[in-house]
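See structure below.
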Amino acid sequence: MGAGQQKIIIANWKMNKPDGALEEFFQTLDQEQTELVDLYLAPAFTMLPTVCAAANMRKFKVLAQNVHHQLQGAYTGEVSSLMLRELGVAGAIIGHSERRIHCHEDDELINAKLQTCIQQGLTPVLCVGETAAQRADFRAVLRQQTTLSGVDISKVVFAYEPVWAIGTGDTASDEHIHAVHAYLRSITATTARILYGGSVNANNARSLLNIAGVDGLLVGGASLVAASLLAICRATP
Ligand code: PGA
């Protein structure tokens, strides 16, 4: 994902529409140079065609927020990597904690999703992270969530998102993020791109991006306002 070592910023809109019309959002992004970061917008499925069309003329790329593990078939309500690829989507967020919790996605299913995504030439962004109850034991949780089979790990972007930090305003400490990213790198690949996510905003983005080992940010709530997403992009060291 991204040729050089630019920071990666992913806007995860979840089941929300951004503030204002999409066209206004893109126009605000146009006001500034965002090419110093690898920017990805991850809208809900219904917005993908519009956002992909806009991405053709601009610097950002597009991710889906989820993908099915089969390519086609009798899977009512699902969308496959093949369909995403045909639309011009660059990749998919996989294993977000909200899907692990609300949709009961387990590591086996997530592994299968990673495989088909990579087979289709899409970049999977694998979300991992401990819950508040697992905080003391985060290494075991992360080890389990990153123990993959039949997956070319060099094709995976990781996003460390402690569940207790998502949407709470409670970001992990710099020390914790530094320790986790170093640990993740040691159990995945030295070349792995590892993002941080969880209550990132325009005020804390710079210090988060300055933590050694943080290759970018996965942003939820603060990415719904174009000006705040731009401020986060601008915070890149
Ligand atoms: P948040 O969400 O930035 O609103 O905490 C991040 C995420 O869930 O990806």
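When a ligand or atom number is given, it counts from 1 through the structure's own listing order. Excluded from the calculations below are hydrogen atoms, water molecules and symmetry mates; all remaining heavy atoms, backbone and side chain alike, are included.
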Please work out whether the ring planes of [X] and [Y] are parallel, tilted or perpendicular, with thresholds of 30° and 60°.
| X | Y | value |
| --- | --- | --- |
| Phe60 | Phe26 | parallel |
| Tyr196 | His181 | tilted |
| His68 | Tyr75 | tilted |
| Phe138 | His176 | perpendicular |

Practice item. Can you establish whether the number of heavy atoms outside Lys14 located under 6.0 Å from its atom NZ is more than 12? Key: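 Enclosed.
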Check your understanding: Is it true that Asp38 and Lys61 have a side-chain N and a carboxylate O under 4.0 angstrom from each other?
Key ->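 No salt bridge links Asp38 with Lys61.
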Check your understanding: Do the side chains of Gln65 and Asn12 get nearer than 4.5 Å, heavy atoms only?
Key ->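 With C-beta onward as the side chain, the pair touches.
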Any atoms of ligand 1 less than 4.0 Å from a non-hydrogen atom of [X]? List them with their elements.
| X | result |
| --- | --- |
| Gly198 | 5 (O) |
| Asn12 | 9 (O) |
| Lys14 | 2 (O), 6 (C), 7 (C), 8 (O) |
| Leu218 | 9 (O) |
| Gly220 | 1 (P), 2 (O), 3 (O), 4 (O), 6 (C) |

Check your understanding: Closer than 4.0 angstrom: is that true for some heavy atom of Gly197 and an atom of ligand 1?
Key -> no
Exercise for review: Using non-hydrogen atoms of the residue, decide whether Gly167 is closer than 4.0 angstrom to ligand 1.
Suggested key: yes
Point to revise | Residue selection (non-hydrogen contact nearest atom 6 (C) of ligand 1) among His96, Glu161, Gln65, Glu98 | key: Glu161
Review point. Are any of the N or O atoms of Gly221 closer than 3.5 Å to those of ligand 1?
Key: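 Yes: some nitrogen or oxygen of Gly221 is under 3.5 Å from one in ligand 1.
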